[in-house]
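As the structure lists them, so they are numbered: ligands from 1, and atoms in each ligand from 1.
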Amino acid sequence: MNAQHAANSQLMASNRSGTDGKPVVAIYGELLDAGLALLAKRYDVHSGGRSAGREVVLGLIEGATVVCSDPKVRTDAELLDRCGPQLRLVAHFGVGYDQVDVAACAERGVIVTNTPGVLTAATAELAVALSLAATRGMFEASNELRAGRWGTWHPGAYCSGQVSGSVVGVIGMGRIGQEYARMMRPFAAEIIYWNRSPKPAAEADLGARRVELDELMKSADVISIHTPSTPETHHLIGAKQLALVKPTAVLVNTARGSVVDGSAVAAALTEGRLGAAGLDVFENEPNVPEDLLAAPRAVLLPHIGSATWRTRNEMSRLVAENVIAVLDGEGPLTPVPGSPV
Ligand code: NAP
């Protein structure tokens, strides 16, 4: 148990019920010190602890004025009703809030906030790392070395695609998509993007060219996905789109698993119709489908896009700052679309 975990467990043990009339803030799992310290000074803080699942969270939140949610437990009508009518805020840890039923919150007058911006660089950087690692076959080559199979040198040994000079395709040109494009600019021969609305600033700053999704799939050497998970983006990239790509193309997903049909990606890799894939997110995390685990040329990561100490502390701080702003009556700092403010 590290110091952070110990601090959370201590709070969990000592603050099971509100005292001194302080508002109760229930944290589904944990918050890092940068946020936890701000909250613990002002409120009765209850934390579920690192491995808290839905049952633990349901037992934790009754009477809470604020819940600090995270992606591992869905915040739905049942959970909101368990909190009670005094609930004012769902302060979500993460920019993607697909695990929060915003409509159910709005019906109950509950504000929803997320943590945009502070995780943009870390997530874009991971997408760049996956673009390079998947294109260059780094993990498979490293595994060969570790397995003692590094054999005779020959000109074709461990040859792969190359990122420099490639056409980079960005799907979803929001904060992270634009930062990824900026980071990839020195490598790319051209940046093309697909977004539901045009992004003139990205076009001017990065020389990015907006194209239809089919054209992006056909033209790009590296395709990186940065849309949120919504009903409209569910399986946005499936068998039909993968049938269009160059057999050397590399697909990177650091957005959400539901945006991509994982089975279609596994089939395209196995049948040699897709060059490589770098996936940080999956549809039913933490379960990773067998066909993807077995697929060749796939770099698979356990959803670590924002997982740097600096970024996770900034996310924790922004969660806490939203709580303080709402409970001080100043209004939320970063409400999500559709939230009451
Ligand atoms: P953002 O700034 O809101 O950008 C989202 C982009 O997707 C925008 O360009 C937006 O287009 C587009 N979009 C939104 N809804 C869409 C829809 N229904 N159909 C098609 N396009 C749509 O968000 P961000 O900060 O870049 O974050 C993007 C996503 O990355 C998050 O939602 C989250 O799921 C994911 N993420 C993952 C990790 C990780 O750990 N792997 C970390 C952080 C974020 P408009 O400009 O037209 O609105």
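Residues V260 and L274 share a single hydrophobic cluster, defined by chaining ILVMFWY side chains whose heavy atoms lie under 4.5 Å apart.
Against a heavy-atom cut-off of under 4.0 Å, S306 is close to the following atoms of ligand 1: 40 (O). If you number the atoms of ligand 1 from 1 as listed, the ones under 4.0 Å from a heavy atom of H226 come out as 5 (C), 6 (C), 7 (O), 28 (C). For ligand 1, the atoms lying closer than 4.0 Å to a non-hydrogen atom of S197 are 45 (P), 46 (O), 47 (O). Ligand-side atoms of ligand 1 in range of T230: 18 (N), range being under 4.0 angstrom from any heavy atom.
For ligand 1, the polar-atom distance check finds an N/O of G174 within less than 3.5 Å of one of the ligand's N/O atoms. For a threshold of 3.5 Å applied to N or O pairs, the pair formed by H303 and ligand 1 contains at least one separation below that value.
Ion pair E179/R182 flagged as a salt bridge, since at least one NZ, NE, NH1 or NH2 atom sits closer than 4.0 Å to an Asp/Glu carboxylate oxygen. Salt bridge annotation for D76-R74: absent, with no cationic side-chain nitrogen under 4.0 angstrom from a carboxylate oxygen. Using a cut-off of 4.0 Å between Lys/Arg side-chain N and Asp/Glu carboxylate O, E215 and R209 are scored as salt-bridged.
Ligand 1 is never approached by P116 to a heavy-atom distance shorter than 4.0 Å.
When hydrogens are left out, the protein atom nearest atom 35 (C) of ligand 1 is A255 O, 3.5 Å; that is the closest non-hydrogen contact. Counting only heavy atoms of the protein, atom 44 (C) of ligand 1 lies nearest to V95 CG1, 3.2 Å. Atom 30 (O) of ligand 1 has as its closest protein heavy atom I176 CD1, 3.8 Å. Protein heavy atom closest to atom 48 (O) of ligand 1, with residue, atom name and distance, is R196 NH2, 2.9 Å. Closest to atom 37 (C) of ligand 1, if we only count protein heavy atoms, is T254 O, 3.0 Å. In this structure, the protein non-hydrogen atom closest to atom 46 (O) of ligand 1 is K199 NZ, 2.6 Å. The protein atom (non-hydrogen) at minimum distance from atom 1 (P) of ligand 1 is R175 NH2, 3.6 Å. Looking only at heavy atoms of the protein, atom 9 (O) of ligand 1 is closest to N195 OD1, 2.6 Å.
Looking only at side-chain heavy atoms (C-beta outward), Q99 and S69 stay at 4.5 Å or farther from each other.
The 12-atom threshold is exceeded at CZ of R312, counting heavy atoms of other residues, nucleotides or ligands nearer than 6.0 Å. Counting heavy atoms of neighbouring residues, nucleotides and ligands inside a 6.0 Å radius, atom CZ of R146 does not exceed 12 of them.
There is no side-chain donor-acceptor pair under 3.5 Å between H154 and T152. Side-chain N/O atoms of Q241 and H235 include no donor and acceptor closer than 3.5 Å.
Without hydrogens or angle criteria, Y158 side chain to R136 main chain gives no donor-acceptor distance under 3.5 Å.
With atom 19 (N) of ligand 1 as the reference point, the heavy atom nearest to it among T233, N253, T227 is part of T233.
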